[in-house]
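A short worksheet on the structure shown next.
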Amino acid sequence: MIIDTVTQAAKVAALFIMLSFSEGVLAQDPIETGFFNNKAIYGYDTVAYFTQNKAVKGNNTFSKTWRGADWFFSSQANLDLFSDDPEKYAPQYGGYCAYAMATGDFVGIDEDAFVIDQGKLYLNYSASVQKKWLANKAQYIEQADTQYPQSIALDN
């Protein structure tokens, strides 16, 4: 009787441990915020990339927490646009460098090195890296689209 109870407890504990480890696989995509803060795109307005075609610093007055990161906007209108459809405005690959993600690497970005392609925002580590990325953009996007889900599963 005591052995059966211990066996049952061990099975429950094993199930709990398995579910705990599998949670990372089911977790939402990580958002790149750097090491010392929780600001998505280092506090730049993700909507402004689409509406103004440039990197615009966000304002603390217009902010929202989404996917565990703090997003900053330059206006209430941009905050509202993001709130209505965050997936539309969020950068690809959690805001990590699109070029590096083609090989499954999580690398930070230069907020000025961006491209909007087919309605999606891609960020790169630097202008020089972006130049390499643009030379074969379609292939790098295809590779990163494959690598990203695998990489976040391993990272979690």
Which atom names give the shortest non-hydrogen contact between [X] and [Y], and what distance separates them?
X	Y	value
P149	A144	CD-O, 4.4 Å
A69	I31	CB-CG2, 3.7 Å
A102	Q147	O-CG, 3.3 Å

>> Apply side chain to side chain contact (heavy atoms under 4.5 Å, CB included) to residues S74 and F62 and explain how you reach the verdict.
In response: CA-CA 7 Å; S74 58; F62 310 109; over 6 Å; no
Is any side-chain heavy atom of [X] closer than 4.5 Å to a side-chain heavy atom of [Y]?
X	Y	result
T46	W71	yes
F73	T61	no
I41	Y49	yes
K57	N59	no
Q139	N136	yes

How far does [atom1] of [X] sit from [atom2] of [Y], to the nearest 0.5 angstrom?
X	Y	atom1	atom2	answer
Y148	Y93	OH	OH	10.0 Å
Q92	K120	CD	NZ	5.0 Å
Y99	Q143	OH	CD	9.5 Å

>> Just to verify, what does S63 make a side-chain hydrogen bond (donor to acceptor under 3.5 Å, both in side chains) with, not counting sequence neighbours?
In response: none
> Who are the side-chain hydrogen bond (donor to acceptor under 3.5 Å, both in side chains) partners of Q52, not counting sequence neighbours?
Replying inline: none
> Which residue, I116, D45, L81, forms the side chain to side chain contact (heavy atoms under 4.5 Å, CB included) with F50?
Replying inline: I116
> Among pairs that include at least one residue of residues 103-114, which meet side chain to side chain donor-acceptor pair (under 3.5 Å), considering only residues two or more places apart or in two chains?
Replying inline: T103-D105
>> Listing request: all side chain to side chain donor-acceptor pair (under 3.5 Å) pairs with a residue in residues 80-90, at least two apart in sequence or in separate chains.
In response: R67-E87, Q76-D80
>> Run the ring-ring contact (aromatic ring centres under 6.0 Å, His included) test against F72 and tell me which residues pass, sequence neighbours left out.
In response: none
Please set out all donor-acceptor pairs under 3.5 angstrom arising from side-chain atoms of residues 122-130, sequence neighbours excluded.
from, atom 1, to, atom 2, distance (Å)
S126, OG, S128, OG, 3.1
S126, OG, V129, N, 3.2
Q130, NE2, F114, O, 2.9

> In terms of hydrophobic clustering (I, L, V, M, F, W, Y; side-chain heavy atoms under 4.5 Å; direct or indirect links), are L79 and Y42 co-clustered?
Replying inline: yes
Excluding sequence neighbours, so at least two apart, what forms side chain to side chain contact (heavy atoms under 4.5 Å, CB included) with [X]?
X	result
K137	D117, W133, L134, I141
S75	A77, N78
P86	W66, F82

>> As a quick check of understanding, evaluate side chain to side chain contact (heavy atoms under 4.5 Å, CB included) for F106 and M101, giving each step before the final call.
In response: CA-CA 6 Å; F106 291 97; M101 191 52 63; 3.7 Å; yes
